[in-house]
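To start, the structure itself, in structure tokens.
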Amino acid sequence: MKMNKPFPKKADYVIIGGGISGVSIAWNLAKKGAKNIVVIEQKFLSWGATGRCGAGIRQQWSSEANCILAKKSIEFFEKAQELLEYDGNVEFKQEGYLIVGSNEAEDKQFEDNVKLQNSLGIPSKKLTPQEAKEIVPHLNIEDVYSATFCPTDGHLNPFTTTDAYYKAALREGVDFFTYTKVTDILTKNNEITGVVTDKGTIETNHVINAAGGFAKEIGEMVGVDIPVYSQNREILVTEPIEKIQGPMVISFSKNIYCQQTPHGAFLMGRGDERPPGYSMESTHTFLDEMAKTVTSLLPPIGDLRVIRQWGGLYNMSPDHQPIISDSTLVKGFYMACGFSGHGFMLAPMTGLLLSEMILNEPPSLPVENLKLTRFDGKDIKEYEKSVV
Ligand SMILES: Cc1cc2nc3c(=O)[nH]c(=O)nc-3n(C[C@H](O)[C@H](O)[C@H](O)COP(=O)(O)OP(=O)(O)OC[C@H]3O[C@@H](n4cnc5c(N)ncnc54)[C@H](O)[C@@H]3O)c2cc1C
């Protein structure tokens, strides 16, 4: 990464965070002709949730907003290699997601979900256990009641995808400063005037908070209360083997997801609720639970050796939908956070929608339900209970 540029004294736009959201916002802004864009990252690109994530891309959601955001993002990912003119490989593997359910309640939810998804043009379908086994032959269907499958869901490499956006943004003139921490944001009369970092202060009127698990703290710097919290989620990777599994397999009742990457390794994680905080530890409890559940659902995986396990932060919003928003309190302050565990797959639309908002262009999709104002007047604790 080129770091020999002098640290800027002024910028038109300062993006905080060098994860997939930050690089997508930077590239989209620059592509639209915005100039003097600076991305500030406290560590290295992909250090946050992006480099720790499963990078799965699914359109099979129960909320219309997520379905549409994911569908539009997939349309971008299908062409990302060319659109970003990337000389590496984003490793887009589009072999679907198989979601298995183990009871009648899940079956009913699958029915409703597929109806909604099909009405939005998403080619998902419901399957019997036997049909599911035809797609993933090593699936143990003893506990499987029914399943859904969408063949256009998939998976990318989070590091090379971030790198592709980064290099494309560089070519558009964006400046990146890594190992640089934002410590404060300056305002005057409720308008952004600057960003303070440990390398110096940048005069600017626009700040974009793409700080992932640390987005709340960035909001506090300007007095904007963003109702998000962070939570550790663990994941592991096995040794690689010959290809035996096409789709990502998910079970909500067993609380796991598991996919085989193009290199042959299996990547898998669990959705256990953790207390809010910033711990990214990896635990023996996770390893134990993960091993038990994955081998009950996908038995041959029990023979594989675990190579590495790690943790990363989910940034949770009260309704588990992203916050892609301006601020009605502080002019020039924008945010892309609260992705609640699915911000990687939404990044193309995050960048597009936020850049349109910043440049006062008409939105490609309705954005009111993504804005911070949707929580206005709500008791967040009660609201969380009602939607989760
Ligand atoms: C285990 C795990 C599995 C996941 N699996 C999936 C999946 O399969 N599909 C999916 O879509 N999503 C998944 N996610 C969620 C996904 O990783 C995130 O939603 C997404 O990566 C968020 O990207 P981001 O750029 O917004 O945040 P991040 O990638 O966290 O980037 C934010 C960056 O901001 C920087 N930063 C913070 N504070 C400051 C500061 N003060 N100064 C400078 N820089 C700062 C951080 O260092 C960080 O690099 C998963 C997450 C985890 C943890």
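One-based numbering along the sequence shown.
Annotation for Glu82: atom CD counts as buried by contact number, over 12 foreign heavy atoms lying within 6.0 Å. Summarising the local packing, CD of Glu142 is surrounded by 12 or fewer heavy atoms from other residues, nucleotides or ligands at distances under 6.0 Å. Shown here is Lys125, whose NZ atom has no more than 12 heavy atoms of other residues, nucleotides or ligands within 6.0 Å. In this structure, Glu64 places its CD atom where only 12 or fewer heavy-atom neighbours from other residues, nucleotides or ligands lie under 6.0 Å away. With a 6.0 Å radius and a threshold of 12 heavy atoms from other residues, nucleotides or ligands, Asp112 has its CG atom above the threshold.
Using a cutoff of 4.0 Å between basic side-chain nitrogens and carboxylate oxygens, Glu131 and Lys126 are not scored as salt-bridged. A salt bridge is absent between Arg374 and Glu368: the closest approach of a Lys/Arg side-chain nitrogen to an acidic carboxylate oxygen does not fall below 4.0 angstrom. Salt-bridge formation is detected for the pair Asp143/Lys254: a Lys NZ or Arg NE/NH1/NH2 atom is positioned less than 4.0 Å from an Asp or Glu carboxylate oxygen. Residues Glu361 and Lys32 are paired through a salt bridge, judged by an N-O separation under 4.0 Å between the basic side chain and the carboxylate. Ion pair Lys243/Glu95 flagged as a salt bridge, since at least one NZ, NE, NH1 or NH2 atom sits closer than 4.0 Å to an Asp/Glu carboxylate oxygen. One finds no salt bridge joining Lys108 and Glu104 here, because no Lys/Arg side-chain nitrogen approaches an Asp/Glu carboxylate oxygen to under 4.0 Å.
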Side chain to side chain contact (heavy atoms under 4.5 Å, CB included), that's the test. Do Lys9 and Glu203 meet it? Break it down for me. CA-CA 6 Å; Lys9 294 208 165 10; Glu203 213 181 291; over 6 Å; no
Carefully, step by step, assess Tyr166 and Phe176 under the rule ring pair (Phe, Tyr, Trp, His ring centres under 6.0 Å). CA-CA 9 Å; Tyr166 157 69; Phe176 287 79; 4.7 Å; yes
Stepwise side-chain hydrogen bond (donor to acceptor under 3.5 Å, both in side chains) test for Asp319 and Ser317: CA-CA 6 Å; Asp319 55 7; Ser317 77; 3.2 Å; yes
After noting the C-alpha distance and the side-chain angles of Thr204 and Lys10, does the key distance pass the side chain to side chain contact (heavy atoms under 4.5 Å, CB included) rule? CA-CA 6 Å; Thr204 188; Lys10 265 186 170 189; over 6 Å; no
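Between the Thr295 side chain and the Pro299 main chain, no donor and acceptor come within less than 3.5 Å of each other. A donor-acceptor pair under 3.5 Å is absent between the side-chain atoms of Gln81 and the main chain of Asp87, judged by distance alone. With hydrogens and angles disregarded, a donor-acceptor distance shorter than 3.5 Å links the side chain of Ser325 to the backbone of Leu372. Looking at Asn28, its side chain does come within 3.5 Å of a backbone N or O of Ser24 through a donor-acceptor pair. A side-chain donor-acceptor contact under 3.5 Å links Thr261 to the backbone of Ala265.
With hydrogens and angles left out, the side-chain atoms of Thr293 and Arg270 include a donor and acceptor closer than 3.5 Å. Looking only at atom types and distance, the side chain of Asp326 has no donor-acceptor partner in the side chain of Thr328 under 3.5 Å away. In this model, a donor atom of one side chain and an acceptor atom of the other lie less than 3.5 Å apart for Gln59 and Thr152. No side-chain donor-acceptor contact under 3.5 Å links Glu234 and Ser282. Side-chain contact annotation: Asn89 with Asn157, donor-acceptor N/O pair under 3.5 Å absent. Side-chain contact, Thr180 with Gln42: no donor N or O sits under 3.5 Å from an acceptor N or O. Between the side chains of Asp153 and Gln60, a donor-acceptor pair is found at a separation under 3.5 Å. Ser253 and Ser102 are linked by a side-chain donor-acceptor pair at a separation below 3.5 angstrom, with hydrogens and angles left out of the test. Side chains of Asn113 and Ser62: a donor-acceptor N/O pair is absent below 3.5 angstrom, by distance only.
Using a 4.5 Å heavy-atom threshold, the side chains of Ile226 and Asn209 count as touching. Inter-residue side-chain proximity for Tyr13 and Ile358 is flagged as met; some heavy-atom pair is nearer than 4.5 Å. At least one side-chain heavy atom of Trp310 sits under 4.5 Å from a side-chain heavy atom of Arg308. Residues Met248 and Cys258 are not in side-chain contact: their nearest non-hydrogen atoms beyond the backbone lie 4.5 Å or more apart. Between Ser340 and Tyr314, the closest side-chain pair of non-hydrogen atoms is not below 4.5 Å.
Hydrophobic clustering of Ile, Leu, Val, Met, Phe, Trp and Tyr side chains at less than 4.5 Å, counting indirect connections, keeps Phe149 apart from Phe110. Hydrophobic clustering of Ile, Leu, Val, Met, Phe, Trp and Tyr side chains at less than 4.5 Å, counting indirect connections, unites Val100 with Leu127. Val114 and Ile250 fall into different hydrophobic clusters, where Ile, Leu, Val, Met, Phe, Trp and Tyr are joined by side-chain heavy atoms under 4.5 Å apart, directly or via other members. At a threshold of 4.5 Å between side-chain heavy atoms, the hydrophobic network of Ile, Leu, Val, Met, Phe, Trp and Tyr places Leu304 and Val237 in two separate groups.
The heavy-atom pair separating Ser46 from Pro158 by the smallest distance is OG-O, 4.2 Å. For Ile15 against Ala210, the heavy-atom pair with the smallest separation is CG2-CB, 4.4 Å. The two atoms that bring Phe375 and Pro227 nearest to each other are CD1-CG, 3.7 Å, heavy atoms only. Between Pro137 and Lys133 the shortest heavy-atom distance is O-NZ, 2.8 Å. Residues Asn315 and Ser230 come closest through the heavy atom pair ND2-OG, 3.3 Å. In terms of heavy atoms, Leu69 sits closest to Met349 at O-CG, 3.5 Å.
Atom OG of Ser355 is separated from atom CD1 of Ile25 by 8.5 Å, given to the nearest 0.5 angstrom. A distance of 3.5 Å separates OG in Ser63 from CG in Asn66, rounded to the nearest 0.5 Å. With rounding to the nearest 0.5 angstrom, the CG atom of Leu297 is 11.0 Å from the CE atom of Met268. Atom CE of Met290 is separated from atom CD1 of Ile301 by 8.5 Å, given to the nearest 0.5 angstrom. Taking CG from Asp272 and CZ from Phe286, the interatomic distance works out to 8.0 Å, rounded to the nearest 0.5 Å. Atoms CD1 and OG, on Ile16 and Ser21 in that order, are 13.0 Å from each other to the nearest 0.5 Å.
Ring pair Tyr165/Phe76 is parallel by interplanar angle, where below 30° counts as parallel and above 60° as perpendicular. Ring-plane geometry between Phe44 and Tyr179 is classed as tilted, the angle between the planes lying from 30 to 60 degrees on a 0 to 90 degree scale. Classified by interplanar angle (parallel below 30°, tilted 30° to 60°, perpendicular above 60°), the ring pair Trp61/His342 is tilted.
Considering Val174, Ile37, Leu354, Asp12 in turn, Ile37 is the only one that fulfils the side-chain contact (heavy atoms from CB on, under 4.5 Å) rule with Leu29. Under the side-chain hydrogen bond (donor to acceptor under 3.5 Å, both in side chains) test applied with His155, the options Lys93, Glu91, Gln260, Gln259 reduce to a single match, Gln259.
Taking the six-membered ring for Trp and the full ring otherwise, the centers of Phe214 and Tyr278 sit less than 6.0 Å from each other. Checked against the 6.0 Å centroid criterion, the rings of Phe7 and Phe177 qualify as a close aromatic pair.
Within the structure, salt bridge (Lys or Arg N to Asp or Glu O under 4.0 Å) pairs that include any residue of residues 46-62 do not occur (at least two apart or interchain).
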